**Student:** 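Supplied in structure tokens, the structure appears directly below.
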Amino acid sequence: MALHLETPLLESRPLSLATGRSVWLKMDALQPPGSFKIRGIGAACEHHVRNGKRRFVSSSGGNAGIAVAYAGRRLSVPVSVFVPETTTERAKSLIRQEGAEVFVHGASWQDANERALAAVDAETAFIHPFDDPILWAGHATIIDEVVKAGLSLDAVVLSVGGGGLLSGVAEGLARNGLQDIPIIAAETEGTASLAASIKAGKLVELPSVSGIATSLGARKVCERAFEIARTRPVESVVVDDRSALEACTRFLDDHRVVVEPACGAALAVAYSHFDRLAPHQRVLIVVCGGATTPVSQLQAWQAS
């Protein structure tokens, strides 16, 4: 049995009215570990167990680590997760809640990732949080489920951190004959590594990441995501932290589900940048997750 769930596909009446478009939500915030990450990470963990690995090591800003820890608990495999100093206490607590060890190292995900790689041995599988074809194939099941439900699409809106979700959704569209469907890729200003690469015409690394969307905090997207952005219909949208935060609070009011600012970046396209949806009549938004941000944190950010 797969470690992820088939999540609800809902038409958003509030967002449809606000945008003048038919807006649909793929509710992956309702996955057991709280985000879409378990789709690809669950597939990778199962693959490595079948091939004899006895321990998982990963690096994460939050959601990937929770997903690896969840998969490890379900598969009875010990897990170590290396996180940067920017990772919230809540994220670290949720990783430990699943029975995994947490190690804090460095100022960015890249620093934590280097330390995680150094901890790998012959019996250990390294579970990358976003740059792995097994992960992309797992994330592609989002689109498989949408197609199975019979929904036809004009565009997909999603958030971009390291590019794993973008790569997976692109694969899902391609394997369902929908490769010409545009993807609207949202980032916050302090984490916009894909936008920077598109502008430069080459894969670039940000000198640092900043802002409240910490789980989007990869300084560089994976090569596959950049390749997709260059060769497929991908539109980059960059929103500020305030727009992402306001999208989270409005989404809570509208749909009674808490999501984090990383997810709010995609929702902000519909809430405050809906002109970017003008060419499209039926839009899917991937509601990617929210485990690491409680309501109290959203309220604290709003008050600051």
Side-chain angles (χ1 to χ4, degrees), residues 24 26 28 35-37 39-41 43-44 61 63-64 109-110 113 127-147 151-188 191-206 209 213 215-239 262-263 265-270 273 276-277 279-280 282-289:
W24 290 76
K26 190 59 170 145
D28 262 47
S35 82
F36 78 97
K37 293 279 191 180
R39 291 179 181 271
I41 283 173
N63 286 312
W109 168 78
Q110 274 85 353
N113 189 59
I127 309 298
H128 199 287
F130 57 83
D131 192 3
D132 182 344
I134 300 176
L135 264 64
W136 308 333
H139 299 335
T141 58
I142 291 172
I143 301 301
D144 294 341
E145 291 171 14
V146 171
V147 170
L151 179 65
S152 59
L153 301 172
D154 296 324
V156 180
V157 181
L158 50 77
S159 297
V160 175
L165 179 58
L166 171 62
S167 301
V169 165
E171 180 170 329
L173 291 170
R175 74 189 189 192
N176 285 283
L178 303 173
Q179 57 270 13
D180 295 329
I181 297 294
I183 299 173
I184 299 173
E187 299 170 285
T188 56
T191 64
S193 54
L194 177 64
S197 295
I198 291 172
K199 183 177 180 180
K202 61 181 180 180
L203 191 60
V204 299
E205 181 173 321
L206 300 177
V209 294
S215 57
L216 295 183
R219 298 202 307 263
K220 181 171 67 175
V221 296
C222 63
E223 290 186 13
R224 177 59 180 153
F226 179 60
E227 177 188 346
I228 290 165
R230 295 188 66 184
T231 59
R232 300 273 291 276
V234 173
E235 180 180 352
S236 171
V237 178
V238 179
V239 307
C263 180
L267 294 169
V269 175
H273 297 266
R276 308 299 288 267
L277 303 180
H280 314 296
R282 189 174 285 106
V283 177
L284 177 72
I285 301 177
V286 180
V287 182
C288 53

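Everything quoted here is computed from the prediction, not taken from an experiment.
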**Student:** Using modelled atom types only, decide if a donor and an acceptor are shared between the side chain of Glu187 and the backbone of Ala195 within a distance under 3.5 Å.
**Tutor:** yes

**Student:** Passes salt bridge (Lys or Arg N to Asp or Glu O under 4.0 Å), Asp28 versus Lys37? Steps please.
**Tutor:** CA-CA 9 Å; Asp28 262 47; Lys37 293 279 191 180; over 6 Å; no

**Student:** Does the ring centre of His128 sit less than 6.0 Å away from the ring centre of Trp109?
**Tutor:** yes

**Student:** Looking only at heavy atoms, what is the nearest atom pair of Ile198 and Phe226, with distance?
**Tutor:** N-CE1, 4.0 Å

**Student:** Checking Arg39 side chain against Leu135 main chain: does a donor-acceptor pair fall under 3.5 Å?
**Tutor:** no

**Student:** Hey, are the side chains of Leu151 and Trp24 touching, using non-hydrogen atoms and a 4.5 Å cut-off?
**Tutor:** yes

**Student:** Ignoring hydrogens and geometry beyond distance, is a side-chain donor-acceptor pair present between Ser167 and Arg224 at under 3.5 Å?
**Tutor:** no

**Student:** Would a 4.5 Å heavy-atom cut-off, applied to side chains only, mark Thr191 and Ser193 as touching?
**Tutor:** no

**Student:** For residues Val169 and His139, determine if any side-chain heavy atom of one lies less than 4.5 Å from a side-chain heavy atom of the other.
**Tutor:** no

**Student:** Between CG of Leu194 and CG of Leu166, what distance do you get to the nearest 0.5 Å?
**Tutor:** 6.5 Å

**Student:** Calculate, to the nearest 0.5 Å, the distance between atoms SG and CG belonging to Cys222 and Asp132 respectively.
**Tutor:** 10.0 Å

**Student:** Which atoms form the tightest heavy-atom contact between Ile184 and Ala155, and what is the distance?
**Tutor:** CD1-CB, 4.5 Å

**Student:** May I ask you to check whether over 12 heavy atoms, not counting those of Glu223, lie within 6.0 Å of atom CD?
**Tutor:** no

**Student:** Can you name the closest pair of heavy atoms from Val269 and Arg276 and give their distance?
**Tutor:** CG1-CB, 4.4 Å

**Student:** On a heavy-atom basis, which atom in Gly172 and which in Asn176 lie closest, and how many Å separate them?
**Tutor:** O-ND2, 2.8 Å

